[in-house]
Enquirer: 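Here's a structure for you.
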Amino acid sequence: MPRVADGNITPIVFMEFSVAGSSIDIIQELSAVLTPEQVAIDRASLETYGQDWTRFTPPAPTAIVFPRDTADVVAVVECARRCQFALVPSGGRTGLSGGACAANGEVVVSMDKINAISPVNLTDRTVTVGAGAITQNVQQTARDADLFYPVDFASSGSSQIGGNIATNAGGINVIRYGMTRDWVAGLTVVTGKGEVLELNKGLMKNNTGLDFRHLFIGSEGILGFITEATLKLTAPPKDPTVLVLGLSDMNAIMAVLDRIQSTTPLLAYEFFSELAVSKVADHAGVARPFDTHTPFYALVEFERENDMTDAHVFEAIEQCMEEGWVIDAVMSQSVAQARALWQLREDISETISKWTPYKNDISSTVSKVPELLTAVDDVVHENYPDWEVVWYGHIGDGNLHLNILKPEHLQIEAFKARCSEVSTDIFNAIKTLGGSVSAEHGVGTLKAPYLGYSKSDSEIDAMRAIKAIFDPDGILNPGKVFSIA
Ligand code: 2HG
Ligand code: ZN
């Protein structure tokens, strides 16, 4: 059972877990502050809601609660403070860093029932949604109003807005539209003290000192629960068109990006390796873009802004072919074809999940990406020359996804142990280049031991002190972001 840390200001260290009362007391208390129907303790719910997509820690929550509104969340937080048990926020649980896992008897707070989507405000160009609203439903609501919510990724059919905000989700359009942070105009949050904060209230201009909205965005549930958000919307892109290019080598990836971007603003610039293509072709039935096999592929998406766009793009591709950077190319002629080409990229993560990959989600500035990729690839290949390494990612914004596939003969624990032997070499390479150990998936539990490779001691101390202000009893998502000492 979880015992939460004392209310010291800093540092907060979550050493061990036990609770003052028994789990039966906790369930009774929760059923009293909510209703018994809002508290689940059946095995299926505990297993489902006790983990995210990392599947690295066995789920072991005490109970799952389903608040219906902000007031319910306040009631749960007050109950947790009074009875001293820990809470784990839960959205669509599509996270890949273990941020929503409950492995130590915590109570999981699911946002599933706080999922209302208000009508779009056409004047403000915003939409206000409950934290549990599914990303795809929000995107559709915007589309129905001839507007666009541009944050998008493969898991948008099940991820929830609250989770996206709590992890500052990125995805495939960051090169053009930025991260989730750029689309949040207002937030309602419940802190670990049970206070309700209305942050920025949907305003476009609001220079009144510190903007706490940005503290809660990307805070991974360690400061409070996001219960509602007002999101900015924009005009949809005109006739998005997709190109898939077969590339000669890694250096060509950046050269091609520079050349195309010099005339045409891009909506997306993604890359993936030949091994990634062979996996989605062989195991997900996705059609190859063309017969030619090349070491790397780039997926380019652009909007047809005017009559000159196609001419500019064709000219760029021709030059890239003359330079020997592009070996083969295909361009979508319809929305359906564009979707089919996107599958080559978007189906990779799910397809390779059956090899329980060791994942890393890393970044550098865009210009340093080739150096980063070479340095990390060298570390991995020196140590595991025979292992399959699948590279892909949002290379146009500097974000690489490294997935090392588990060889069939190796047990999962042995595989994890072998991989963690190279983690420090990988993270040292990232640190040397001034990159990040978590580009878009968050820190959670998996990257917590490595936070120091991307943040200084002073920054981490300040983060702990800020947590202590909003969560003095340390009841919120213990063991996430900060390593357990
Ligand atoms: C993607 O870009 C996701 O497909 C998942 O961020 C990345 O599975 C991964 O490593
Ligand atoms: Zn990604």
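First listed ligand is number 1; within each ligand, the first listed atom is number 1. Treat the numbers as computed from the prediction; the structure is a model and nothing was measured.
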Enquirer: Glu408 side chain to Trp355 main-chain N or O, any donor-acceptor pair under 3.5 Å?
Expert: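 Not a single qualifying donor-acceptor pair exists.
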Enquirer: If you draw the axis of the six-membered ring of Tyr384, does the NZ or CZ of Arg418 fall within 45° of it and under 6.0 Å from the ring centre?
Expert: no
Enquirer: With heavy-atom distances below 4.5 Å as the criterion, would you say the side chains of Phe290 and Tyr297 are in contact?
Expert: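 In short, these two side chains touch, coming nearer than 4.5 Å.
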Enquirer: Quick check: does any side chain N or O of Ser454 sit under 3.5 Å from a backbone N or O of Leu451, one acting as donor and the other as acceptor?
Expert: no
Enquirer: For Ile475, does its backbone N or O pair with a side-chain atom of Asp471 as donor and acceptor, under 3.5 Å?
Expert: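 Yes, because the side chain of Asp471 sits within donor-acceptor range (under 3.5 Å) of the backbone of Ile475.
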Enquirer: Can you tell if the side chain of Trp342 reaches within under 4.5 Å of the side chain of Glu301, non-hydrogen atoms only?
Expert: yes
Enquirer: Considering only heavy atoms, which protein residues lie less than 4.0 Å from any atom of ligand 1?
Expert: Leu96, Arg345, Ser349, Lys359, Tyr392, His394, His401, Asn403, Glu440, His441
Enquirer: Going by chain and residue number, what protein N/O/S atoms come nearer than 2.8 Å to the Zn ion (ligand 2)?
Expert: His394 NE2, His401 NE2, Glu440 OE2
Enquirer: Taking atom types as modelled and ignoring hydrogens, do the side chains of His441 and Lys359 form a donor-acceptor contact shorter than 3.5 angstrom?
Expert: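 No pair is found: no donor N or O on one side chain lies under 3.5 Å from an acceptor on the other.
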Enquirer: Does a side-chain heavy-atom distance below 4.5 Å link Ile430 with Leu372?
Expert: yes
Enquirer: Could you tell me whether Arg259 and Glu323 make a salt bridge, using a distance below 4.0 angstrom between a side-chain N and a carboxylate O?
Expert: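 The answer is no: the pair does not qualify as a salt bridge.
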